[in-house]
Amino acid sequence: MERLQKDMTLNEKLNILSDAAKYDVSCTSSGVERRGDGTGMGNCSKSGICHSFSADGRCISLLKILFTNECIYDCKYCINRSSNDVPRASFTPDEVCTLTMEFYRRNYIEGLFLSSGILKSPNYTMELIYAVLYRLRKAYNFQGYIHVKAIPGADPRLIQMTGYLADRMSVNVELPTAEGLRLLAPHKSRKNILTPMRLVQNKMTENRQEISLYRNAPQFVPAGQSTQMIIGATPETDYQILNVAESLYKKFELKRVFYSAFVPVNQDKALPVLKDHKPPLLREHRLYQADWLLRFYHFEANELLDEDNPNFNVLLDPKCCWALKHLEYFPVEINRADYRVLLRVPGIGYKSAGRIVKARRMSALDFSDLRKIGVVLKRALYFITCSGRMMYPTRIDEDYITRNLLNTNEKLPQGAGDLTYRQLSLFDDVSFGGGISHENDLYL
């Protein structure tokens with residue numbers, strides 16, 4: 001480590017370690033409200049952080065880096081695996097603090113996302129991460145947002161101490177099943193990964209009780225915890241993956257499960273051969289849509305998929321597929337339907353459903369009102385009535401509706417249509433010409 005620190009400039013390390021962090025997609029920057037006390041720099045806003053976007057649409061509002069890309073593990077899917085001959089670098093705690101403060105002063109970022117390879121041992125790595133956060137908070141008086149990784153296998157006390165300095169923590173489950181870990185990451189185990197996740201959950205529960213009794217008690221991971229799964233490196237179906245995600249939400253109270261399409265950066269006989277060597281971005285997109293249904297639309301995994309239909313339709317989103325298989329529930333009367341029933345209508349997002357419930361208290365709604373509210377009628381018109389009338393004469397028939405829905409040309413995320421893939425660099429042009437989709441429009 002000393003040799004690397006002497007042989008490389010800070011800018012050279014930044015180039016290597018920001019590029020090495022691009023495969024970790026579990027990067028979040030909101031979910032906590034904490035104002036600065038006036039003595040330091042920065043604050044956190046619950047409504048979210050001002051985001052910048054790269055040309056491929058990825059959020060770069062946080063300084064997203066690895067502390068080191070040195071690693072003692074040899075995970076077959078990872079670019080930083082110990083057997084790979086790649087440029088290696090490691091920051092010092094003060095270097096990470098300097099970068100964070102200087103980027104913040106220039107208004108490039110609103111916070112820090114810090115992950116790391118495993119240098120020497122989990123404990124040694126966790127100590128270095130703790131040192132970074134301690135200096136940022138205490139020596140540099142930084143009060144902005146910090147998202148940090150908890151290292152599986154590290155001393156629980158180190159993870160707990162770090163949690164009092166971080167806003168969000170995450171422990172990546174890496175692969176959906178224990179069998180997948182055994183095949184591709186034999187140095188890791190599901191038990192080691194879930195242990196710190198349970199520790200963070202339990203400590204968060206204790207901390208909420210402490211804060212209810214003592215208002216000024218320090219907060220422990222106030223923005224919650226998240227995780228990430230690599231999709232496509234192992235043969236699990238979408239049904240298996242979604243059930244794992246649902247279980248993590250229920251058992252560990254996670255804020256987010258992130259899905260990362262497998263990128264073939266290594267040559268290994270244990271890894272799958274992808275068509276045209278392109279990651280499964282459309283599959284990743286469908287899983288995110290289904291995940292949104294689990295978290296905000298009150299769906300369950302076994303409603304969306306089952307063992308007979310274990311994978312999502314590539315042509316239609318999960319909510320449309322569910323509606324087409326359950327036409328007995330439709331059409332729904334907009335002026336009488338319960339909020340949760342409205343949530344199941346394609347073209348109606350959870351915010352639009354809330355607006356409908358409020359607006360119809362004043363007067364009966366018609367289709368022009370729904371358009372103003374934000375309902376996408378090109379999808380919803382097959383599933384709703386207003387005062388007993390449909391928008392157009394429409395058959396409640398699966399084949400008929402499917403053909404018409406396919407003609408609406410669903411807008412896929414950039415690159416998913418032809419399965420292209422371009423990684424984000426911290427130094428990319430941050431212009432984003434495609435526009436930013438509203439979170440309520442995932443199913444519109």
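What's counted below: heavy atoms across the whole structure, side chains too, no hydrogens, waters or symmetry copies. Positions are given from 1 along the sequence. All values reported here derive from a predicted model rather than from experimental measurement.
Judged purely by atom type and a 3.5 angstrom limit, Ser352 has no side-chain atom pairing as donor or acceptor with the backbone of Ile348. Side-chain N or O atoms of Thr100 include one that pairs as donor or acceptor with a backbone N or O of Val96 at under 3.5 Å. In this structure, Thr385 contributes its side chain and Pro331 its backbone to no donor-acceptor pair below 3.5 Å. Looking only at distances, no side-chain donor or acceptor of Asn69 sits under 3.5 Å from a matching main-chain atom of Ala20.
By the salt bridge (charged side-chain N to carboxylate O under 4.0 Å, His left out) test, Glu303 pairs with Arg344, sequence neighbours left out. Here Arg182 pairs with Glu179 under the salt bridge (charged side-chain N to carboxylate O under 4.0 Å, His left out) rule; sequence neighbours left out. Shown here are the side chain to side chain donor-acceptor pair (under 3.5 Å) partners of Asp366, two or more places apart in sequence or in another chain: Ser368. Applying the salt bridge (charged side-chain N to carboxylate O under 4.0 Å, His left out) rule to Arg295 yields the partners Asp291; only residues at least two apart in sequence or on another chain are considered. With sequence neighbours excluded, the residues forming a salt bridge (charged side-chain N to carboxylate O under 4.0 Å, His left out) with Glu253 are Arg208, listed by chain and number. In this view, Lys188 and Glu174 satisfy the side chain to side chain donor-acceptor pair (under 3.5 Å) rule, not counting sequence neighbours.
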Requested in this report: Could you go through the side-chain contact (heavy atoms from CB on, under 4.5 Å) check for Ile193 and Leu181 one step at a time?
Outcome: CA-CA 11 Å; Ile193 291 170; Leu181 278 175; 3.8 Å; yes
Requested in this report: Take Arg137 and Asp167, measure what salt bridge (charged side-chain N to carboxylate O under 4.0 Å, His left out) needs, and give me the verdict at the end.
Outcome: CA-CA 12 Å; Arg137 296 299 197 200; Asp167 292 293; 3.1 Å; yes
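Proximity of Phe91 to Val132: side-chain heavy atoms (C-beta onward) are nowhere separated by under 4.5 Å.
Paired with Pro122 under the rule side-chain contact (heavy atoms from CB on, under 4.5 Å), one option of Ile151, Ile159, Asn192 passes, and it is Ile151. Under the side-chain hydrogen bond (donor to acceptor under 3.5 Å, both in side chains) test applied with Ser170, the options Gln225, Lys149, Arg256 reduce to a single match, Lys149.
Interatomic distance, Ile396 CD1 to Leu324 CG, rounded to the nearest 0.5 Å: 10.5 Å. Atom CG in Leu365 sits 5.0 Å away from atom CG in Asn335 (nearest 0.5 Å).
A salt bridge is absent between Asp306 and Lys325: the closest approach of a Lys/Arg side-chain nitrogen to an acidic carboxylate oxygen does not fall below 4.0 angstrom.
The local environment of CZ in Arg389 is sparse, with at most 12 non-hydrogen atoms from other residues, nucleotides or ligands closer than 6.0 Å. Within 6.0 Å of OH on Tyr134 lie no more than 12 heavy atoms contributed by other residues, nucleotides or ligands. Heavy-atom contacts from other residues, nucleotides or ligands closer than 6.0 Å to OH of Tyr329 number 12 or fewer.
Geometrically, Arg286 does not engage Phe312 in a cation-pi contact defined by less than 6.0 Å to the ring centre and at most 45° from the axis.
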